[in-house]
Amino acid sequence: MALFRITALRVTETHKALPALSVLLRNASEATDLKAVLAKKIPQEQERVKSFRKAHGATKVGEVTVDMMYGGMRGIKGLVCETSVLDADEGIRFRGYSIPECQKLLPKAKGGSEPLPEGLFWLLITGDIPTQEQSNAISVEWASRAGLPSHVVTMLNNFPPSLHPMSQFSAAVTALNSESKFAKAYSDGVHKTKYWEYVYEDSMDLIAKLPVIAATIYRNTYKSGKGIGAIDPHKDWSANFCQMLGYDNAEFTELMRLYLTIHSDHEGGNVSAHTVHLVGSALSDPYLSFAAGMNGLAGPLHGLANQEVLIFLRKIQAALGDNPTDDKLKEFIWSTLKSGQVVPGYGHAVLRKTDPRYTCQREFAQKHLPKDPMFKLVSQVYKIVPPILMETGKVKNPWPNVDAHSGVLLQYYGMTEMNYYTVLFGVSRALGVLASLVWDRALGLPIERPKSMSTDGLMKALKA
Ligand code: AMX
């Protein structure tokens, strides 16, 4: 076990940077103070929602069929999510902005061309594209909040490397709830109108700490626990994360900025987002709510698909070599389907076209790794799989989703440990679901409790 240890000191070395941090934090002005910006916006939005509900509270939005009840509630409009909306054909829009628009409009790192996740978070939580200064202020603030309590470090260091990284991730986040300002304020009897402020504080702390947790898991599980180094308050969130993971390739850092931006949010109904929202509605603190969502993300039909895709590609390579013929690949895909398995990375519950998150990763690959054999295979799979899935006659969306591409990019830069990929997805997903959680409490949304029925009761009600 000693081999896999890193010391608490190493992780909390962020404190070394404190003098530099305090200067940077002092530079924050009212315009770059996200909490102050939100405090102004929230009463306006509360008023807008209140008057909308007063005028239209009893208006019907849609209907529920029996198939929807047995079919995973597919298509039921039953949730409000402010941060993003998913269109079946166009894909995700973050607060109204498409991925190419975000790539163009959001602040970048010096010398970089991909958006900073800090800027995306500002956009998700406020609805406004931030200035460079606002985005930089978030980088500094997250650096200042990144230290882990020693019990979480000890816990991480004692996990066997055989424990799946997602289990380590979720368990560590759960244990972090010792730090919850919301839980403490609630037990101290804080007024409900102030809930959002504490959920905001916990969310900012949690987002700041996630790369440290994730990097510790990576180093412990795959790199014999060799130290993760210190947070540099002059670097952005992704650059610090890459450095802690042990990657110093500027191109990989750019990939990570793109990756952490595009995986952040996919409206409110997907398993991870919905779970965080649901658990948060019981007033479980943001750590517990987010950990619950991560257990959902760890499912192979959801976030674990990025791991499954690479395993699938490796299986193809092992069976057919690096350059399979189209016919051999078709045979392989059909035999997968006939053995009752899904083709990972293809299909979606809402999307009906190629996922724009796939497209922007493909563009990144075309620019940086056009000759990579695995990328060539992914392109060939993109040509072969959709017609086959259409031919089955049952798959509603034969096109690739985000997970069909991400692993290929990561392995190109040396991150070949595919069991780890979903942790990266989880770090990113925090941005969307925690921004939403702040708004859930700001809008005073109640505990979630839809009505279920038994088959007997349903038959009786429909006189069937
Ligand atoms: N390969 C094989 N069969 C598939 C398929 C795929 N990629 N996608 C859908 N199907 C099958 C379903 O299993 C279902 O079969 P059944 O009637 O025998 O049960 C049928 O097609 C109809 O399903 P659907 O309505 O098209 O999809 P859905 O909304 O029920 O499920 C999803 C969506 C993503 C779970 C499904 O497409 C799938 O399993 N894809 C592979 C796993 C994957 O890539 N998941 C990641 C999704 C994105 C994410 O959350 N990160």
Side-chain angles (χ1 to χ4, degrees), residues 28-49 79-86 92-97 99 101-102 105-107 115-145 181-182 193-211 236-238 257 260-268 270 272-273 276-277 280-281 285-287 289-290 293 426-445:
S29 67
E30 208 180 305
T32 59
D33 180 349
L34 179 56
K35 196 172 182 185
V37 170
L38 277 176
K40 268 197 194 151
K41 275 188 183 276
I42 283 171
Q44 295 160 11
E45 192 57 17
Q46 285 169 334
E47 209 36 61
R48 197 168 75 98
V49 171
L79 290 168
V80 174
C81 172
E82 308 290 2
T83 48
S84 64
V85 175
L86 183 58
I92 193 69
R93 274 187 180 264
F94 302 115
R95 289 280 189 174
Y97 295 96
I99 287 177
E101 285 166 351
C102 286
L105 297 172
L106 288 175
L116 286 167
E118 288 89 326
L120 194 266
F121 179 71
W122 186 290
L123 171 64
L124 291 176
I125 200 163
T126 66
D128 301 326
I129 298 275
T131 62
Q132 188 73 46
E133 291 69 35
Q134 287 169 328
S135 174
N136 294 348
I138 299 289
S139 304
V140 173
E141 194 165 347
W142 286 350
S144 77
R145 294 174 184 248
K181 292 166 182 156
F182 175 79
T193 53
K194 299 246 178 272
Y195 286 171
W196 78 264
E197 296 187 29
Y198 296 94
V199 169
Y200 171 85
E201 290 298 335
D202 279 357
S203 297
M204 292 292 275
D205 284 343
L206 177 52
I207 292 169
K209 293 174 198 314
L210 286 177
D236 59 271
W237 192 59
S238 314
R257 291 177 184 126
L260 295 173
T261 296
I262 62 173
H263 286 77
S264 61
D265 209 27
H266 222 222
E267 75 169 36
N270 66 76
S272 51
V276 176
H277 166 79
S281 83
D285 65 58
Y287 298 95
S289 307
F290 181 69
V427 172
S428 171
R429 187 44 58 102
L431 303 179
V433 298
L434 293 173
S436 280
L437 201 62
V438 172
W439 276 103
D440 288 351
R441 298 292 75 78
L443 294 176
L445 303 189

Worksheet item: Would you call Lys40 and Glu30 a salt bridge, taking side-chain N to carboxylate O under 4.0 Å as the test?
Response: yes
Discussion item. Has Ser135 got a side-chain atom pairing as donor or acceptor with Gln132's backbone, closer than 3.5 angstrom?
Written reply: no
Fill in: Gap between atom CG of Leu116 and atom OG1 of Thr261 - 0.5 Å precision
7.5 Å
Discussion item. Among residues at least two apart in sequence or on other chains, which ones pass side chain to side chain donor-acceptor pair (under 3.5 Å) with Ser139?
Written reply: Glu118
Worksheet item: Considering the options Leu124, Leu120, Leu123, Leu434, which one meets the side chain to side chain contact (heavy atoms under 4.5 Å, CB included) requirement together with Thr83?
Response: Leu124
Worksheet entry | side chain to side chain donor-acceptor pair (under 3.5 Å) partners of Lys41, counting only residues at least two apart | Asp128
Fill in: Lys194 atom NZ: more than 12 heavy-atom contacts under 6.0 Å
no
Practice prompt. Hey, could you give me the CD1/OG distance between Ile207 and Ser428, rounded to the nearest 0.5 Å?
Written response: 10.0 Å
Item to complete: Could you grab the distance from atom CG of Leu38 to atom CD of Glu45, nearest 0.5 Å is fine?
Response: 11.0 Å
Worksheet item: Taking Arg441 for the side chain and Tyr198 for the main chain, is one N or O donor matched with an acceptor at less than 3.5 Å?
Response: no
Worksheet entry | Check: Gln46 side chain, Ala442 main-chain N or O, donor-acceptor pair, under 3.5 Å | yes
Discussion item. Once rounded to the nearest 0.5 Å, what's the spacing between atom CH2 of Trp439 and atom CD1 of Ile42?
Written reply: 4.5 Å
Worksheet item: Looking at Leu445 and His277, what are the two nearest heavy atoms and their distance?
Response: CD1-CE1, 4.0 Å
Worksheet item: Which atoms form the tightest heavy-atom contact between Ser272 and Gly293, and what is the distance?
Response: CB-O, 3.6 Å
Practice prompt. Compare every heavy atom of Leu260 with every heavy atom of Ser238, then report the nearest pair and how far apart it is.
Written response: OG-CD1, 3.7 Å
Worksheet item: So which heavy atom on Thr32 is nearest to which on Trp122, and how close?
Response: O-CZ3, 3.8 Å
Item to complete: Please round to the nearest 0.5 Å and tell me the distance separating atom NZ of Lys181 and atom CD of Glu197.
Response: 12.5 Å
Fill in: All side chain to side chain donor-acceptor pair (under 3.5 Å) counterparts of Arg93, not counting sequence neighbours
Glu90, Glu101
